[in-house]
Structure formats: C-alpha cells, structure tokens
Amino acid sequence: MWTMKDQYDVVVVGAGPGGSMAAKSLADRGVSVLLLEKRQEIGAAVRCAEVVGPRDVISRFIPVDESWVYHDLDEVWLYPPNGKQLRKDFPQCGMMVDRKRFDKALAIAAANAGAEVRTKTQAMGLERVRDGVRLTVRHMGREHKIDARAIVGADGVESMVGRWAGMKTALGLTKVFSSVQYQLTGIDGPPNVLQFYFGNEIAPGGYLWVFPKAGGTANVGVCVSPSCQKDLKALDYLDRFVQDRFPYASSVEMVMGGIPIGGPLKTFVSDNVALVGDAAHQVNPLSAGGIVNAMEAGILAGGTIADGLASGDVSERSLRAYDRKWFEESGNLYRLHARLRRLYYKLSDDDLNRLGDTLENLVMDRSPNDLYSLDFAKSVVKTMAWMIPKFRFMR
Ligand SMILES: Cc1cc2nc3c(=O)[nH]c(=O)nc-3n(C[C@H](O)[C@H](O)[C@H](O)COP(=O)(O)OP(=O)(O)OC[C@H]3O[C@@H](n4cnc5c(N)ncnc54)[C@H](O)[C@@H]3O)c2cc1C
C-alpha cells in the first residue's frame, strides 16, 4: 500500500485555493508539507460561480493556462428591482474559469513545489502534543496518526480544524449567505458579461447572478441572507427566476453551499494552527467572492509558518504576525464592506431602485479610472446623502 509518512513539518487540511497556495508557499520555502483533500477529486464537486480575478491578479499565483479559462470578463450588467438594465464596461475585470481544472492546477503547482498531496484522505481530529499537533486522518477506511509542527486549516466554510483547536468559528444567521446554483444550458447571451439582479423579491439580502460559461451554458445562481428571506428558501427564489427567464433551459449541474460573509474571524491562529480562506471567514462581505482572498491568505499564512519554523516558534504569539499582516492589508476594506452589507439589508426595493438611478447617473458613463478620482468621491457623497439616516441605526 502507498504509505504516508507519520511526520511532516506542516499538514494542510483541504486542497481548495487557500490550502493549495499555503502548501505551495511552504514547499517553496523548503518546508516538508502534506496537503490533504477528503474528496476523491480536487476541485469536484464545484461549489462556485467560477469567477476569479483578472489575469494580472491570478498570474501572481500561477501562470494563467488557457485550459482552465473560459473567457475574460469585460462588462457588468446590473438589474435593480424595477428591471432597468444598467450596463457598465469593465475591461478585464475578471475571468470565468473551470473551477475543477483551476483548483487542480493550484494543487499541482503545490506538488511541483515539493508538497505531498493526498486525495480521499480526511482529517478526523487533532490533539496537541509536545512540540506540535497530532492529526488523525482517514484514508480508504483506515486511520493514521500524523505529527506536525503546525496545521493549516483550509477546510472551507464547514471547517472543523478551528473548532478542534478550540477557536471561536461559529457563524450566526446574519453572517452567512445561503446559496444555490444551476449550470443551465440553452442560454443565449454575450459570453463576457456578468449579470447581477437585485431586490427583496429576487434575492433578499443578496443577489442573483447569470455568469456565462461556454457553448450556451451559464451559471445561474442566487445567494440570500437567511436573516432577510421570508418563508421561501434560496432554491425557491432561483426556481422562480429560472421559470420566468429561462423556461426552456435544462440544468446539467446543481450546487448548494453556505458563504461566510459576516467578516473575518477576530483571529486566525492559535498555538501551532492557522486558518485560511472560508475557514477563517475571509470572504469579501460585499461581493461574497472568496477565491483570490483564500489564495492570498494561504500565501500569507504559509510564509508566517515558514518564518516561525525557521526561528523554532510556531506558538500563537509567533503566528499572530499572520493576523497582523492580513488585517493591515485587508482589515479596513472588509470592515467597510461589512458595514455596506448591513446597510444593504435595510434597503427596500424603492431604495434599491433609487440607488440604481444614482448609479446610472454617477457611474455608468465614467471610465473605470475616473471612479478613483476625488471629484467622483465628492459627487457620490452629495448624491447619496439620502442614505445617511439608514446608517444611523446600524450597529
Ligand atoms: C454557490 C457559490 C458560488 C460561489 N461563487 C464564487 C465566485 O464566483 N467567485 C469567488 O471568488 N468565490 C465564490 N464563492 C466562494 C468560494 O467558492 C470560496 O470562498 C472559496 O472556494 C474558498 O476557498 P477555500 O480554499 O477557503 O475553501 P474551499 O474551496 O471550500 O476548499 C476547502 C477544501 O477542504 C476540503 N476539506 C474539508 N474538510 C476536510 C477534512 N476534514 N479533511 C480533508 N479535506 C477537507 C474540502 O473538500 C474542500 O476541497 C462561491 C461560493 C458558493 C457556495
């Protein structure tokens, strides 16, 4: 039987984008690292709408390979509840990818850097031992014990590693989106456009998306906030939309999942343990995107653990350098986006229509570069003054 060793410097649990990038950054530094994935195939089943950052962002992690790119995205169409179509050119704002191939390419990059990768191998529990952590893993019905100086918990939204390590990782109702998506076939439409629909009857607290793939297929999905939705479930909202807009389409794949949009955990670390990506709630609270965020966090966490191993200290105190770097880089943005998300929960359909009109007047005809000017910031503040009272009652 093909055996795993019983000792590594670091074990990374979960071979999603966060785990693979953590494993790669550790292996790049010469650390012995095992990357575990409980599923039999990395990347499958897909729980994602498959939009990632643009080429220049992704190529900071791995070279872009056309075999996993469907197409570049150049335009965004927004639909407020009144159905008005707001179109905005956004050249190279992202890429539509085949997430099965994309996740696998990231794991291959980790393996090429020197990480050992094992599929169908599930972490079952951990205990702290002198000098590190002992992980119990199950592979093909058999249990193994593996010792490591540190563990990276990159095990997604249902993360157990954080809980096993005694960290506070619970997700409240207002802090998670419930989402569901069909891959539909028989859909016409331009391939390079992201379409978003908003409204309390369409996607309470969240949004509905139509993201084109290839060959007349598209990912059509919805995310809703359980704290805003009424009696209906996410799937009811999606089915209603599909019945209305694409009654003749067929579904060739369906995915469901939770998205932790409440903002990051207070800390991502404890002694010998670091969490990354969805496990650390590092999804952007406004867009609900988490792929690139997980990859960035994986690199940061991996680098910090490698530093700690080099200096012989992977205690919580030492690993807090990862917290500090992450909050320095992203803390303010996430705080702002989490506030905007909470404000969004309070908007009625009339408010959303008004916001749509404001955006139409303010944003739609401007070039993307204009949106960073001081002039633009001033006109936003002036035109959106009607929203200020809604902010007043926000916690
Ligand atoms: C419907 C939906 C649509 C989305 N669309 C987008 C999008 O278009 N763009 C975007 O940026 N984000 C999107 N997201 C969010 C995005 O998918 C996540 O933020 C991203 O995958 C996080 O990466 P990760 O590496 O942290 O975790 P994951 O990708 O969830 O990977 C975690 C891995 O850990 C494995 N695992 C779990 N437990 C164990 C264990 N005990 N032992 C071994 N392995 C384990 C899992 O099998 C999984 O492979 C979407 C989410 C959903 C639900």
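These numbers were taken from a predicted model, which means no experiment stands behind them. Counting convention: from 1, in listed order, for ligands and their atoms alike.
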Take atom CG of D131 as the centre, draw a 6.0 Å sphere, and report whether it contains more than 12 heavy atoms from other residues, nucleotides or ligands.
yes

For ligand 1, is any non-hydrogen atom under 4.0 Å from [X]'s backbone (N, CA, C, O), its side chain (CB onward), both, or neither?
X	answer
R39	side chain
E50	backbone
A294	side chain
A49	both

With a 4.0 Å cut-off on heavy atoms, is [X] touching ligand 1?
X	result
V52	no
M256	no
C48	yes

Going by the atom numbers of ligand 1, which of them fall below 4.0 Å from some non-hydrogen atom of [X]?
X	value
G18	25 (O)
G277	26 (O)
G156	27 (O), 30 (O), 32 (C)
G16	25 (O), 29 (O), 31 (O), 33 (C)
T121	43 (C)

Is the shortest N/O to N/O distance between [X] and ligand 1 below 3.5 Å?
X	value
V13	no
W164	no
V51	yes
K38	yes
G258	no
D278	yes
G289	no
E37	yes

Identify, for [atom], the protein heavy atom at the shortest distance, and state residue, atom and that distance.
atom	value
atom 53 (C) of ligand 1	S179 OG, 3.4 Å
atom 14 (N) of ligand 1	A288 O, 4.1 Å
atom 12 (N) of ligand 1	G290 N, 3.1 Å
atom 41 (N) of ligand 1	A123 O, 3.1 Å
atom 29 (O) of ligand 1	R99 NH2, 3.2 Å
atom 38 (N) of ligand 1	D155 CB, 3.5 Å

Is it true that [Y] and [X] share a donor-acceptor pair across their side chains at a distance under 3.5 Å?
X	Y	result
W209	Q181	yes
S270	R128	yes
D313	S315	yes
Y182	E253	no
Y334	N293	yes

Check whether any side-chain heavy atom of [X] lies under 4.5 Å from a side-chain heavy atom of [Y], and answer yes or no.
X	Y	result
E37	R118	no
K120	R39	no
M95	R55	yes
N219	M96	yes
L86	P80	yes
I151	V10	no

Are the aromatic ring centres of F241 and Y197 under 6.0 angstrom apart?
yes

Are F211 and F196, when compared by the centres of their aromatic rings, separated by less than 6.0 Å?
yes

Could you work out, for [atom], the closest of [options] by heavy-atom distance?
atom	options	answer
atom 10 (C) of ligand 1	L194, V283, I291	I291
atom 52 (C) of ligand 1	M124, R47, K120, M295	R47
atom 32 (C) of ligand 1	A154, G53, G14, P260	A154

Please step through ring pair (Phe, Tyr, Trp, His ring centres under 6.0 Å) for the pair F268 and W326, ending with a clear verdict.
CA-CA 9 Å; F268 310 133; W326 191 94; 5.2 Å; yes

Among V210, V242, V252, which residue satisfies the side-chain contact (heavy atoms from CB on, under 4.5 Å) criterion with L184?
V242

Checking E316 against R320 for the salt bridge (Lys or Arg N to Asp or Glu O under 4.0 Å) test, could you report, in this order, the C-alpha distance in whole Å, the side-chain angles of both residues, the deciding distance, and whether it holds?
CA-CA 6 Å; E316 177 172 333; R320 277 204 190 272; 2.5 Å; yes

